[in-house]
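Nothing here was measured: the structure is a model prediction, and the numbers come from that model.
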Amino acid sequence: MRIAQKGFTLIELLVVIVVIAVLVAVTATMYQNAQVQARDTQIKDAADKFADAIMLWSANHNGAIPSGGSATAGTNGLNAQSDNCITGTIGWQGYRVIDIAATYQCTIGDVMVASGYLPAEMFDKLPINTIALSLSNRRVFMIYGCPSNTSYRILMYTLEDPTAGDTSNYNQIHTNCSTSAGDLTNYQNYGMRAAILLKFA
């Protein structure tokens with residue numbers, strides 16, 4: 001007596017293929033989200049370290065505010081003691097040679113590295129600013145003054161997926177600092193999504 005062998009029907013095969021495709025799509029999405037969160041965590045950690053380094057430098061320089069980001073090409077290197085930039089006050093924090101505009105000969109980050117407050121490789125290992133890839137100003141950090149208080153600086157940084165808390169804190173800092181709506185829009189177009197308020201003596 002022959003036993004009939006039952007194979008998969010076309011419908012069953014299609015169902016299996018669809019289930020596998022859904023599982024692959026879900027896994028890929030979860031992996032991509034995990035990668036974004038990892039990059040944002042890396043930038044947040046670097047921002048905290050950068051802010052701490054700036055404040056420690058200031059404390060060791062009688063409350064002075066470090067300079068950097070001058071738009072004067074060729075005249076803005078570190079001074080002989082390597083403890084500040086010759087000119088400049090605020091601006092972009094360049095990293096990766098390809099992303100450093102020629103006009104930024106010295107940044108506050110350069111000061112922190114030269115003074116030993118930050119490792120040089122910290123900036124080189126940061127994820128790129130994916131929001132402003134079409135712009136020349138695609139750096140991760142920006143340091144700008146607070147219009148309502150000259151003793152404050154705003155350290156802004158990029159995030160791919162900011163939390164509601166990141167956004168609320170960012171907006172509150174700019175509101176308290178009386179940042180103009182036009183400037184805030186420009187910062188956001190550059191990819192800035194979070195901020196730390198630096199308060200100097």
Here the pair of heavy atoms bringing Ser58 nearest to Ala64 is OG-O, 2.7 Å

Write down the atom of Gly145, the atom of Ile154, and the distance for their closest heavy-atom approach.
O-CD1, 4.0 Å

Taking Ser168 for its side chain and Ala164 for its backbone only, find out whether a donor-acceptor pair lies under 3.5 Å.
no

If you measure from the Lys or Arg side-chain nitrogens to the Asp or Glu carboxylate oxygens, is any gap between Lys44 and Asp48 under 4.0 Å?
no

Taking C-beta and beyond as the side chain, do Val111 and Cys85 meet within less than 4.5 Å on heavy atoms?
yes

Could you state the interatomic distance from OG1 (Thr158) to CD1 (Ile128), rounded to the nearest 0.5 Å?
9.5 Å

Straight-line distance of Ser178 OG to Asn149 CG, nearest 0.5 Å:
10.0 Å

Take Asn60 and Tyr117 through the test side-chain hydrogen bond (donor to acceptor under 3.5 Å, both in side chains) and record every step on the way to the result.
CA-CA 11 Å; Asn60 290 334; Tyr117 293 93; 3.0 Å; yes

Between Asn186 (side chain) and Asp183 (backbone), is there a donor-acceptor pair under 3.5 Å?
no

Just to verify, which of Tyr157, Trp57, Phe141 counts as forming a ring pair (Phe, Tyr, Trp, His ring centres under 6.0 Å) with Phe50?
Phe141

Quick one: pull up CD1 in Ile17 and CG in Leu13 and give me the separation to the nearest 0.5 Å.
6.0 Å

Please determine whether residues Leu155 and Met122 belong to a single hydrophobic cluster, defined as Ile, Leu, Val, Met, Phe, Trp and Tyr linked transitively by side-chain heavy-atom distances below 4.5 Å.
yes

Looking at NE2 of His61 and CG of Leu56, how far apart are the two atoms once the value is rounded to the nearest 0.5 Å?
10.0 Å

Ile108 versus Pro66, closest heavy-atom pair with distance
CD1-O, 3.7 Å

CD (Gln35) and CG (Asp161) are apart, to the nearest 0.5 Å, by 13.5 Å

Are Phe200 and Leu198 close enough that some pair of their side-chain heavy atoms sits under 4.5 Å apart?
yes

Please report the closest heavy-atom contact between Pro162 and Thr167, naming both atoms and the distance.
CB-OG1, 4.1 Å

Tell me whether Met112 shares a hydrophobic cluster with Met55, the cluster being built from Ile, Leu, Val, Met, Phe, Trp, Tyr side chains joined at under 4.5 Å.
yes

Taken to the nearest 0.5 Å, the spacing of Met192 CE from His174 NE2 works out to 9.5 Å

Could you check Asn176 against Cys146 for side-chain contact (heavy atoms from CB on, under 4.5 Å), going step by step and ending with a plain yes or no?
CA-CA 9 Å; Asn176 292 342; Cys146 182; over 6 Å; no

Search all heavy atoms of Cys177 against all heavy atoms of Leu197 and return the closest pair with its distance.
SG-CD1, 3.8 Å

Working for side-chain contact (heavy atoms from CB on, under 4.5 Å), residues Lys49 and Asp52
CA-CA 5 Å; Lys49 290 178 180 176; Asp52 289 344; 5.7 Å; no

Give a yes or no on whether Gln32 atom CD has more than 12 heavy-atom contacts from other residues, nucleotides or ligands under 6.0 Å away.
no

Where is the tightest heavy-atom contact between Leu159 and Arg193, given as atom of each residue plus distance?
O-CG, 3.5 Å

Ring centroid separation Tyr187 to Tyr170 under 6.0 Å
no

Within the 4.5 Å heavy-atom criterion, are Asp166 and Asp40 side-chain neighbours or not?
no

Does the side chain of Arg39 reach to within under 4.5 Å of the side chain of Val36, using non-hydrogen atoms?
yes

Hydrophobic cluster membership, Val18 vs Leu10, 4.5 Å side-chain cutoff
no

ILVMFWY network linking Val16 to Leu14, side-chain heavy atoms under 4.5 angstrom:
no

